[in-house]
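Take a look at the structure below.
Every chain is numbered from 1, with letters handed out A, B, ... down the list of sequences.
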Amino acid sequence: MYALVDCNNFYVSCERVFAPNLEGKPVVVLSNNDGCLIARSQEAKDLGLKMGEPYHLVRPLLEQHQVRVFSSNYALYGDMSRRVMQVLSRFTAGVEVYSIDEAFLDFSGMSLLAPDLLAYGQRVQRTVARDTGIPTCVGMAPTKTLAKLANRLARKLGTEGVLAFHTEAQWKNALAHVPVDTIWGVGRRYGRKLNELGIGTGADLAAMPEHWLRRHMGGVVGQRLWRELHGQPCLEWNPAQWDEKEHSAPSTAGRHSVTCTRSFGRPQYDAVVLNEAVATFAAKAAEKLRRHGLAAHLVTVILGTDRYAALAGPKTYHAVISLPTGSNDTGTLTQAALRGLQQLRREGMAYHRAGVLLSGVEPVGQVQLGLFSGSAADQQRSQQLMKTVDKLNARFGRQFVHLAATGTHKELDGQHKAPVWAGRSAHRSPLYTTGWGELWQLH
DNA sequence: TCTGGGGTCCTAGGACCC
DNA sequence: TCTGGGGTCCTAGGACCC
């Protein structure tokens with residue numbers, strides 16, 4: 001038996017914990033750069049506001065209904081997520097942190113306690129609410145896919161947000177009442193294709209032969225989906241080794257890449273500005289790499305033009321730099337990234353986004369030494385230096401120690417000054433739980 | 001003026017090895 | 001007319017998730 005615990009309107013709920021007067025009022029949270037809507041309270045959904053809608057298009061509507069708007073505050077959401085996961089881990093040893101706002105719990109052995117299962121789910125829900133202030137829904141079923149479905153229905157039906165499927169009859173009945181594209185693993189593409197074939201509900205899909213899904217829905221992926229819908233668990237169980245100290249859950253073990261990309265507040269042409277931005281992204285990505293105990297030997301620089309322009313031509317440009325040996329040293333990776341940028345940048349071209357992707361990763365302990373590059377002693381020195389830098393930054397604030405390449409003009413008169421390429425973030429809430437200068441205060 | 005960011009897995013095909 | 005069998009590694013592209 002699996003339970004899926006999913007936080008309701010998570011980012012909005014995080015904001016409400018520290019602004020309880022927003023309870024019952026319409027609230028939205030914007031993406032980076034105040035670009036689009038990425039979280040809505042129920043009241044905002046009821047106004048017809050859609051996920052992913054561009055902010056500038058719905059702004060009049062937001063103002064008309066006095067919707068409270070927040071820029072995203074990932075430091076806050078990451079920290080609140082960590083707290084939620086911590087509470088969940090008190091209920092079972094098996095917790096798989098699936099995303100920032102949801103986790104699977106291993107309830108195996110509990111199927112025998114059928115009548116108690118609902119009560120246990122409600123206890124999880126109550127405890128999370130009591131200890132973190134975050135409302136959740138809980139769905140329980142023999143497979144992850146069915147638990148997802150139970151969770152989805154739990155928030156729709158009048159079940160107070162907790163629902164369990166014990167018997168095949170129960171989930172069959174549920175499948176018959178949901179559109180096929182609400183099934184976990186059926187996206188927009190397959191949804192449309194299935195509808196064209198007359199497969200409208202989850203039950204219609206489950207009624208197809210297993211080999212049909214294998215043939216038409218991505219091979220073994222489709223086959224697994226079929227089995228999951230029939231109560232046979234097929235998806236892997238990855239009890240997360242999530243790091244309590246890390247502010248951004250989840251941290252999946254065995255990841256293959258680390259990325260840092262950002263849209264600029266306005267288009268950038270200048271080589272110096274782009275250099276500083278890319279150096280900053282490289283440093284952030286390198287730090288993330290170290291947090292996961294990884295090293296990378298491929299550095300990809302990404303430059304993006306206006307992706308909504310009608311003009312022909314590619315919207316993004318990539319340059320890949322291959323390192324002779326895996327590294328997580330900020331200096332090495334930044335140097336490579338800047339070399340990539342130099343290859344890519346064209347004079348006079350307007351860039352709207354940039355980023356750094358680190359891939360070809362391996363655990364630090366297993367890094368191959370290059371034949372002609374860096375000795376083991378050099379590597380040790382680099383590791384030691386990075387450890388010290390990370391420690392200082394953890395203690396005194398991000399970017400306390402940084403490469404000059406990321407820009408030397410950021411601190412003026414002790415005031416933090418945003419770089420010229422920074423995206424908009426006009427409505428960010430304080431770092432209530434992660435910054436000494438911005439602690440929550442009672443008014 | 002204005003439209004996010006960060007991931008995963010799978011398949012097919014090419015190049016290469018013995 | 002006709003040309004084996006068994007692999008690996010890498011990349012691109014397509015689907016999905018939050």
Practice problem: Return no unless some side-chain N or O of A:Arg255 is found under 4.0 Å from OP1 or OP2 of B:dT8. | Solution: no
Quiz item: A:Asp6 side chain to A:Cys137 main-chain N or O, any donor-acceptor pair under 3.5 Å?
Solution: no
Quiz item: Going by an N to O cut-off under 4.0 Å, is there a salt bridge joining A:Glu287 and A:Arg291?
Solution: yes
Self-check item: NZ/NE/NH1/NH2 to OD/OE distance under 4.0 Å, A:Lys148 and A:Glu102
Solution: yes
Practice problem: Give one of base, sugar-phosphate or nothing for A:Glu102, where a contact means two heavy atoms less than 4.0 Å apart. | Solution: sugar-phosphate
Quiz item: Contact class for A:Asp34 vs. all strands (heavy atom < 4.0 Å): base, sugar-phosphate, or nothing?
Solution: nothing
Practice problem: Measure from the side-chain heavy atoms of A:Arg424 and tell me the nearest of B:dG7, B:dC9, B:dT3. | Solution: B:dT3
Quiz prompt | Options B:dG4, B:dT8, C:dC18, nucleotide nearest the side-chain atoms of A:Lys148 | solution = C:dC18
Self-check item: Salt-bridge contact A:Asp131-A:Arg83 (side-chain N to carboxylate O under 4.0 Å)
Solution: no
Practice problem: Could you tell me whether A:Asp306 and A:Arg353 have a side-chain N and a carboxylate O separated by less than 4.0 Å? | Solution: no
Quiz prompt | Lys/Arg-Asp/Glu bridge criterion (N-O < 4.0 Å) met for A:Arg345, A:Glu347 | solution = yes
Self-check item: Short side-chain N/O contact from A:Arg224 to OP1 or OP2 of B:dC9, under 4.0 Å
Solution: no
Self-check item: N/O (side chain, A:Tyr308) to phosphate O (OP1/OP2, B:dT1) under 4.0 Å
Solution: no
Quiz item: Within the structure shown, what part of the strands sits under 4.0 Å from A:Arg59 by heavy-atom distance: base, sugar-phosphate, or nothing?
Solution: nothing
Quiz item: According to a strict under-4.0 Å criterion, is A:Lys193 in side-chain N/O contact with OP1 or OP2 of C:dC16?
Solution: no
Quiz item: Is any side-chain nitrogen or oxygen of A:Thr261 closer than 4.0 Å to OP1 or OP2 of B:dG6?
Solution: yes
Self-check item: Residues A:Glu228 and A:Arg224 bridged, charged N to O under 4.0 Å
Solution: no
Practice problem: Using a 3.5 Å limit on both pairing distances, list the dot-bracket string of DNA chain B from the 5' end; Watson-Crick and G-U wobble pairs count, crossing pairs take [ ], interstrand pairs take |. | Solution: ....||||||||||||||
Exercise. Using atom CZ of A:Phe264 as one end and atom P of B:dG4 as the other, report the distance to the nearest whole Å.
Key: 14 Å
Exercise. Mind listing the residues from residues 185-192 of chain A sitting with a heavy atom below 4.0 Å of DNA chain C? Number order is fine.
Key: A:Gly185, A:Val186, A:Gly187, A:Arg188, A:Arg189, A:Tyr190
Quiz item: Below 4.0 angstrom from OP1 or OP2 of B:dC2, is there any side-chain N or O of A:His352?
Solution: no
Quiz item: Would one find a side-chain N or O of A:Ser257 under 4.0 angstrom from OP1 or OP2 of B:dT8?
Solution: yes
Exercise. Give a yes or no on whether a salt bridge exists between A:Lys387 and A:Asp390, defined as a side-chain N under 4.0 angstrom from a carboxylate O.
Key: no
